[in-house]
There are 2 protein chains.
Amino acid sequence: MLKLTKKADYGLMAMKHLAEHSNHGACSAKDVAEAYGIPHEALAKILQRLAKVGLVRSQHGMNGGYTLTRDPKMISAFEVIKAIDGPLFITSCVTVRGECDQSDRCTIREPLRKVNESIEQVLKNIKISQMKEEPEIIDLVKQEEKKPGDRKPAELITIS
Amino acid sequence: MLKLTKKADYGLMAMKHLAEHSNHGACSAKDVAEAYGIPHEALAKILQRLAKVGLVRSQHGMNGGYTLTRDPKMISAFEVIKAIDGPLFITSCVTVRGECDQSDRCTIREPLRKVNESIEQVLKNIKISQMKEEPEIIDLVKQEEKKPGDRKPAELITIS
DNA sequence: TATAACTCCGACTCTTTCGGTCGTATTTAG
DNA sequence: CTAAATACGACCGAAAGAGTCGGAGTTATA
């Protein structure tokens, strides 16, 4: 549960790959797919959606492929995921149109909406350029787990 | 995407309902289901899973039903969700056994694992007793959205 | 200029998971 | 013993997922 789809995974991998190879010109979908062992036609479709929202630029013909349109420091993981999988809502109650459809007494809607916003912010603050294998760059969580019995007045999650 | 299942939604609603009616004795699955307009047999199956992990206690026979086993202040949303939907992993790469199965060059595994931990902590800090319709109790996010072009050196997400 | 190679693009099918239903057995109060 | 409630398993339809196929467009090269 609560996992993002393989498409989003592939999209993030491809964006990172393009960021690392931006100096070598465009990368074809086939090249990226073979580099990570994923079906290249599935990844092509993902890159198409990224091109449609303007995150990458597609280039037809020989030696064509995809290039980033922005500095990878300015592209968040949230943008990539949202482009591929659509808007994210943690709860099934909150739809695009706003409210619960089946029960007007859904009393947990507001707290979960807050959680949803929190997750969005976490993903918005992760940039493609940070997607390296250096975990110390990203310090997402700066707190220990809860201990039942004490109420911590203020907890912190620091990002970057 | 990134939404938790309806079962988890129902489970959280039921837990909150039990927390509010703990002084009236046990609540039957049918009562809870009718209160929120959800099929009572689907909710019964959810409550069974919650009973199996010990979050609620079931009582057979007439005037039976379900009761919480702990103080609702000590039950986190994470426990409920995990009991219903299983362990959560934000990325498909990270399985229960640990690693990517298809590609050993999945370079985004570690950053996403950090994101995953962050989300877990957010959910662990939301208690059933906090699931009221008073949004000011829970202040999950304390920042505005990003503006492409400025780099905020340190961002904060404050919890409770 | 014309051909051919290489790329992107959109529609389609198949599989898996989710949500919900039904039926039967078990337990308990009256 | 009967009524009311949970416990448990199997089953079915719907929906979203992952992947595949052929076609359209573009550029290099002879």
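Residue numbering restarts at 1 for every chain, and letters A, B, ... go by the order of the sequence lines.
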Original post:
Who passes side chain to side chain contact (heavy atoms under 4.5 Å, CB included) against A:His40, sequence neighbours left out?
Top reply: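 Applying side chain to side chain contact (heavy atoms under 4.5 Å, CB included) to A:His40 gives A:Lys30, A:Ala33.
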Subject >> Partners passing side chain to side chain contact (heavy atoms under 4.5 Å, CB included) against A:Asp71 (at least two apart in sequence or in another chain) >> reply: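 With neighbours one apart ignored, the set is A:Lys73, A:Met74.
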Figure out the [atom1]/[atom2] separation between [X] and [N], and round it to whole Å.
X: B:Leu47; N: C:dG20; atom1: CG; atom2: C1'; value: 15 Å
X: A:Ile38; N: D:dG19; atom1: CD1; atom2: P; value: 9 Å
X: A:Tyr66; N: C:dC6; atom1: OH; atom2: P; value: 17 Å
X: A:Lys6; N: C:dT15; atom1: NZ; atom2: P; value: 15 Å
X: B:Lys30; N: C:dG20; atom1: NZ; atom2: P; value: 18 Å
X: B:Ile46; N: C:dG20; atom1: CD1; atom2: C1'; value: 10 Å
X: B:His40; N: D:dA4; atom1: NE2; atom2: C1'; value: 12 Å
X: B:Leu50; N: D:dC8; atom1: CG; atom2: P; value: 13 Å

Original post:
With a non-hydrogen cut-off below 4.0 angstrom, is B:Ala29 in contact with a base, only sugar-phosphate, or nothing?
Top reply: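 Sugar-phosphate, backbone atoms only, no base.
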**OP:** Give A:Ala42 one of three labels, base, sugar-phosphate or nothing, depending on what nucleic acid heavy atoms sit under 4.0 Å from its own.
**Re:** base
Identify all side-chain donor-acceptor contacts of residues 45-59 of chain A below 3.5 Å with residues at least two apart in sequence or on another chain.
from, atom 1, to, atom 2, distance (Å)
A:Arg49, NH1, A:Ile84, O, 3.3

Original post:
In terms of ring plane angle, is the pair B:His21 and B:His24 parallel, tilted or perpendicular, where the classes change at 30° and 60°?
Top reply: tilted
**OP:** Calculate, to the nearest 0.5 Å, the distance between atoms OG and NZ belonging to B:Ser76 and B:Lys82 respectively.
**Re:** 10.0 Å
Subject >> B:Met15 side, atom CE; B:Lys127 side, atom NZ - distance, nearest 0.5 Å >> reply: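 Reported value, rounded in 0.5 Å steps: 12.5 Å.
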Subject >> Close side-chain approach of A:Ile81 to A:Thr5, heavy-atom, < 4.5 Å >> reply: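 No, their side chains stay 4.5 Å or more apart.
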Original post:
Side-chain contact, heavy-atom cut-off 4.5 Å: B:Glu79 with B:Arg70?
Top reply: yes
Original post:
Out of D:dT20, D:dT6, D:dC8, which nucleotide sits closest to the side chain of B:Ser28?
Top reply: D:dT6
Subject >> Among D:dT6, D:dT20, C:dG19, the one nearest B:Thr5 by side-chain distance >> reply: C:dG19
Original post:
Taking only residues two or more places apart in sequence, or in another chain, which ones meet A:Asp31 in a side-chain hydrogen bond (donor to acceptor under 3.5 Å, both in side chains)?
Top reply: A:Ser28
Original post:
When you match A:Lys7 and A:Glu41 each to their closest nucleotide on DNA chain D, which lands nearer the 5' end?
Top reply: A:Lys7
Original post:
Does B:Tyr10 put a side-chain nitrogen or oxygen below 4.0 Å from OP1 or OP2 of C:dC18?
Top reply: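 The answer is no; no side-chain N or O of B:Tyr10 sits under 4.0 Å from OP1 or OP2.
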**OP:** Under 4.0 Å from any atom of DNA chain C, heavy atoms only: list the residues of residues 56-64 of chain A that qualify, in numerical order.
**Re:**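 Heavy-atom contacts with DNA chain C come from A:Ser58, A:Gln59, A:His60, A:Gly61, A:Met62.
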Considering only nitrogen or oxygen atoms on both sides, find all protein atoms under 3.5 Å from nucleotides 10-13 of chain D and state each distance.
none

